[in-house]
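Whatever order the structure lists them in is the order used to number ligands and atoms, beginning at 1. Remember, it's a predicted structure, so these values are computed and weren't measured experimentally. We're numbering straight along the sequence, starting at 1.
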Amino acid sequence: MTISGGWKRTARGAGLLGPDGSIASTIFAEMSALAQSTGAINLGQGFPDEDGPPEVLEAARRAISEGYNQYPPGLGMPVLRDAIATHQKRFYGLDVDPDREVLVTAGATEAIAATLLALLDAGDEVVTLEPFYDEYGAIVGLANGVHRTVPLLAPHFLPDHDRLRSTINDRTRVILVNNPHNPTGAVLPKETLELIVELAHKHDALIVTDEVYEHLVFDQPHIPVASLPGARERTVSISSAGKTFNTTGWKIGWLTAPREILTAILAVKQFLTFVNGAPFQPAIAVGLALPDSFFTGVAAGLKAKSRLLSAGLTAAGFEVSAPEGGYFVVADARPLGFTDGAAFCRELPRLAGVVGVPISAFCHDELAAEYSSLVRFAFCKRTEVLEQAAAQLAELQVPAAR
Ligand SMILES: Cc1ncc(COP(=O)(O)O)c(C=O)c1O
């Protein structure tokens, strides 16, 4: 007897499978393949191309030698949970109980998945900003939730407060806030975060914050939503070591949340990965305890890189919005005569030997059309790579026929 295709229902319903049953292809995969086949500089994917602090790498090697190679505890190793709690106090003045309010996860990716799967019933609404990190839509779909968005308005990519008020309602179960923001590089002002807390109270919603770029804010202190009055008891704060310590491949993330909420998330997480990355956990504890100069240095270094790449893009004729944090800069290709960012990204390796990704990949159809000429470029690369990319972009030859 042959098996019917019914088993594909959930993945297909969430838009994760194409009509032919293959994994729905993404522009990210296409652009990375294009970078490989053309030898172009890949500024499409957001991962650093150099190692992070040597103390952290050495601590991982040491942990392997010392035998930290079996399943760690379900909540995460005490040394890392303590370091996370100490970090929350040190940087944000937040008191977090390392034994009840901290959960180590397989990257922020798992923290987001476990949180949404734990908190959503079918039909519950989740409000995110748009453009949005693609995982949000996928997991809301798998949880049979309803994804509503509030657009980030160019050129500063901030949300309109009235739009937040009209989108968040009594059906909203989760307000999912990514700050600093991927892909736009926006940092939300305190008033917007305060409004989100106010609306969460008004509609009895939970707040989930994705703060993986918390240490990559350029000119202002990062404000965790959980630090605002009235936020803590209804907020799940998610972060990751990958971005701060250039260890994206280690997949060490975490969340902090009030005990009851955390227990619900743990109940799901234990059946996703159970645990992960034993020798990397004590190493990230070492990273979190590095002196302030490390953290300010990371932000200053990335700011310089963002300005370097932005200058190259501006010289090439793009309209560029200056990011305030994170890994990415958004450039508008319209002044160069391109209105379709996806088509432009397919041509860019030939035109300038550089790869980016269209912002439309982070949008539902409506905003995708409005933002069709915007392209995201990653600047979390070595300075010489960015210099080369900037030089190539500055030489960009736009075909005369356009
Ligand atoms: C906004 C955002 N959230 C979550 C993640 C995933 O983080 P991790 O690699 O720790 O799973 C990323 C990675 O690019 C991201 O940009």
Side-chain angles (χ1 to χ4, degrees), residues 26-29 31-32 42-49 52 56 76 80 84 87 102-117 126 128-140 147 149 152 157 174-188 207-217 222 224-225 236-256 265 269 272-273 275-277 280-281 283-284 287-288 298 302 306 323-330 356-357 359 361-363 376-381:
T26 69
I27 192 90
F28 304 97
M31 289 301 131
S32 286
N42 189 355
L43 304 184
Q45 266 191 310
F47 63 89
D49 60 356
V56 173
L80 178 55
I84 292 165
H87 168 276
V102 179
L103 175 61
V104 176
T105 56
T109 305
E110 189 199 29
I112 293 161
T115 300
L116 293 178
L117 292 172
V126 177
T128 73
L129 304 169
E130 184 175 359
F132 54 86
Y133 183 58
D134 55 355
E135 183 193 1
Y136 304 163
I139 303 294
V140 172
H147 188 188
T149 65
L152 295 176
F157 297 111
V174 168
I175 308 168
L176 172 47
V177 189
N178 174 209
N179 185 48
H181 187 257
N182 172 13
T184 65
V187 170
L188 297 180
I207 303 169
V208 177
T209 65
D210 176 346
E211 303 183 23
V212 298
Y213 300 101
E214 63 182 316
H215 286 294
L216 313 182
V217 184
H222 171 65
V225 175
V236 178
S237 305
I238 293 173
S239 193
S240 170
K243 314 293 179 183
T244 305
F245 302 111
N246 288 14
T247 52
T248 58
W250 289 9
K251 297 299 285 188
I252 300 295
W254 56 85
L255 60 87
T256 57
I265 299 168
K269 183 257 183 309
L272 295 179
T273 56
V275 292
N276 73 296
F280 301 128
Q281 294 195 21
I284 295 303
L288 289 172
V298 169
L302 269 170
S306 83
E324 295 188 36
Y327 271 180
F328 307 105
V329 58
V330 175
V357 287
I359 289 291
F362 303 86
C363 298
R376 185 192 82 169
F377 294 96
F379 50 77
C380 51
K381 306 293 175 185

Peer 1: Heavy atoms under 4.0 Å from ligand 1: which residues qualify?
Peer 2: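 Residues within 4.0 Å of ligand 1: Gly107, Ala108, Thr109, Ile112, Tyr133, Asn178, Asn182, Asp210, Val212, Tyr213, Ser240, Lys243, Lys251.
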Peer 1: Would you indicate whether the side-chain heavy atoms of Pro183 and Pro131 approach each other to under 4.5 Å?
Peer 2: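 Side chain of Pro131 against side chain of Pro183, heavy atoms only: contact under 4.5 Å found.
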Peer 1: Mark yes or no for whether Glu135, through its side chain, and Ile112, through its backbone, hold a donor-acceptor pair below 3.5 Å.
Peer 2: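 Answer holds: no.
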Peer 1: Are Lys381 and Phe47 in a cation-pi setup, meaning NZ or CZ lies under 6.0 angstrom from the ring centre and within 45 degrees of the ring axis?
Peer 2: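 Satisfied, under 6.0 Å and within 45°.
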Peer 1: Of Leu176, Val177, Val140, which meets side-chain contact (heavy atoms from CB on, under 4.5 Å) against Thr128?
Peer 2: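 So, applying the side-chain contact (heavy atoms from CB on, under 4.5 Å) to Thr128 and each of Leu176, Val177, Val140, only Leu176 qualifies.
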Peer 1: Quick one: does any side-chain atom of Asn276 pair with a main-chain N or O of Lys251 as donor and acceptor, under 3.5 Å?
Peer 2: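 Yes, because the side chain of Asn276 sits within donor-acceptor range (under 3.5 Å) of the backbone of Lys251.
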Peer 1: If I take atom CG from residue Leu255 and atom NZ from residue Lys269, how far apart are they, to the nearest 0.5 angstrom?
Peer 2: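 Answer for the CG-NZ pair, Leu255 versus Lys269, is 9.0 Å.
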